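Counting from 1, the numbers follow the sequence of the chain as shown. Computed from a prediction, not measured in an experiment: that's the story for all the values here.
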Amino acid sequence: IALGMNEYCMYTAEVRISDAATTPVYITNRRLIVEGGKHVDVPVPQIDDVIVDADTFRVTIRASELKRPLEFLAGEPIYLAAMLDLATRLDQRPKSFA
């Protein structure tokens, strides 16, 4: 994937979207990228809610940019959700010369 300036990848995982083949998911400090049949690119500040069902390995992501939530199966759903939560807490403002 092509990353923007000052953007770095924090986590990569293989997920399964609705009984399709596995597809990679990338979490960067600025966005969530889901490749596959339909490329989804969600800026991290627009992620409203991350719901995890660890018993069924299901992760649901609600974002203001998406018409309907992203739902997929992940091997380590709690770790994936934790990395998304960490990405939303990063401060993107430039540091001043103090």
Side-chain angles (χ1 to χ4, degrees):
I1 61 169
L3 298 176
M5 185 175 201
N6 295 330
E7 183 178 20
Y8 52 89
C9 187
M10 296 171 47
Y11 184 67
T12 303
E14 291 287 326
V15 298
R16 184 177 304 269
I17 300 175
S18 66
D19 298 333
T22 59
T23 184
V25 169
Y26 305 100
I27 299 173
T28 71
N29 60 327
R30 297 193 178 175
R31 57 193 170 144
L32 167 72
I33 304 164
V34 180
E35 292 189 344
K38 184 177 180 183
H39 181 80
V40 179
D41 191 354
V42 181
V44 169
Q46 293 184 356
I47 294 175
D48 298 325
D49 198 15
V50 179
I51 302 167
V52 178
D53 185 2
D55 293 331
T56 61
F57 300 100
R58 185 171 302 276
V59 177
T60 304
I61 299 171
R62 293 185 183 145
S64 58
E65 184 179 280
L66 301 173
K67 293 181 181 177
R68 53 186 201 136
L70 278 174
E71 293 186 5
F72 46 82
L73 300 172
E76 297 179 353
I78 295 174
Y79 193 65
L80 178 69
M83 293 305 288
L84 267 173
D85 185 52
L86 179 67
T88 59
R89 295 172 191 254
L90 290 175
D91 188 13
Q92 298 297 328
R93 296 178 292 174
K95 307 298 183 244
S96 63
F97 298 101

*Would a 4.5 Å heavy-atom cut-off, applied to side chains only, mark I27 and L80 as touching?*
yes
*State plainly whether one hydrophobic cluster holds both V52 and F72, where clusters connect Ile, Leu, Val, Met, Phe, Trp and Tyr through side-chain heavy atoms under 4.5 angstrom apart.*
yes
*Cluster partners of I51, using ILVMFWY side-chain heavy atoms under 4.5 angstrom, listed by chain and number?*
none
*Decide whether V40 and V25 are clustered together by the hydrophobic rule: side chain heavy atoms of Ile, Leu, Val, Met, Phe, Trp, Tyr closer than 4.5 Å, transitively.*
yes
*Determine, using the 4.5 Å side-chain heavy-atom cutoff (strictly less than), whether I33 and Y8 are members of one ILVMFWY cluster.*
no
*Within 6.0 Å of CD in E35, more than 12 heavy atoms from elsewhere*: yes
*asked:* According to salt bridge (charged side-chain N to carboxylate O under 4.0 Å, His left out), who are the partners of D48, at least two apart in sequence or on a separate chain?
replied: none
*Does any non-hydrogen side-chain atom of I47 lie less than 4.5 Å from one of E65?*
no
*Summary of side-chain hydrogen bond (donor to acceptor under 3.5 Å, both in side chains) pairs that have at least one residue in residues 52-62, sequence neighbours excluded*: D53-T56
*Same cluster for V44 and V34 if Ile/Leu/Val/Met/Phe/Trp/Tyr side chains link at under 4.5 Å?*
no
*Does some side-chain heavy atom of V50 sit less than 4.5 Å from a side-chain heavy atom of T88?*
no
*Using the test salt bridge (charged side-chain N to carboxylate O under 4.0 Å, His left out), find all partners of E14 that sit at least two apart in sequence or belong to another chain.*
none
*Under the ring-ring contact (aromatic ring centres under 6.0 Å, His included) test, which residues partner Y11, sequence neighbours left out?*
Y79
*R30 side chain near L3 side chain, heavy-atom distance below 4.5 Å*: no
*Decide if atom CD1 of I78 counts as having more than 12 heavy atoms of other residues, nucleotides or ligands within a radius under 6.0 Å.*
no
*State, yes or no, whether a side-chain contact exists between L32 and L70 at a heavy-atom distance under 4.5 Å.*
yes
*Return the set of residues passing salt bridge (charged side-chain N to carboxylate O under 4.0 Å, His left out) with R89 (not counting sequence neighbours), or none when no residue passes.*
D85
*Distance from T12 atom OG1 to I1 atom CD1, nearest 0.5 Å?*
7.0 Å
*Do I61 and V42 touch side chain to side chain, with heavy atoms closer than 4.5 Å?*
no
*Kindly give the heavy-atom pair with the smallest separation between P77 and A54, and that separation in Å.*
CG-CA, 4.3 Å
_With clusters defined by side-chain heavy atoms of hydrophobic residues (ILVMFWY) lying less than 4.5 Å apart, directly or transitively, does L86 cluster with Y26?_
no
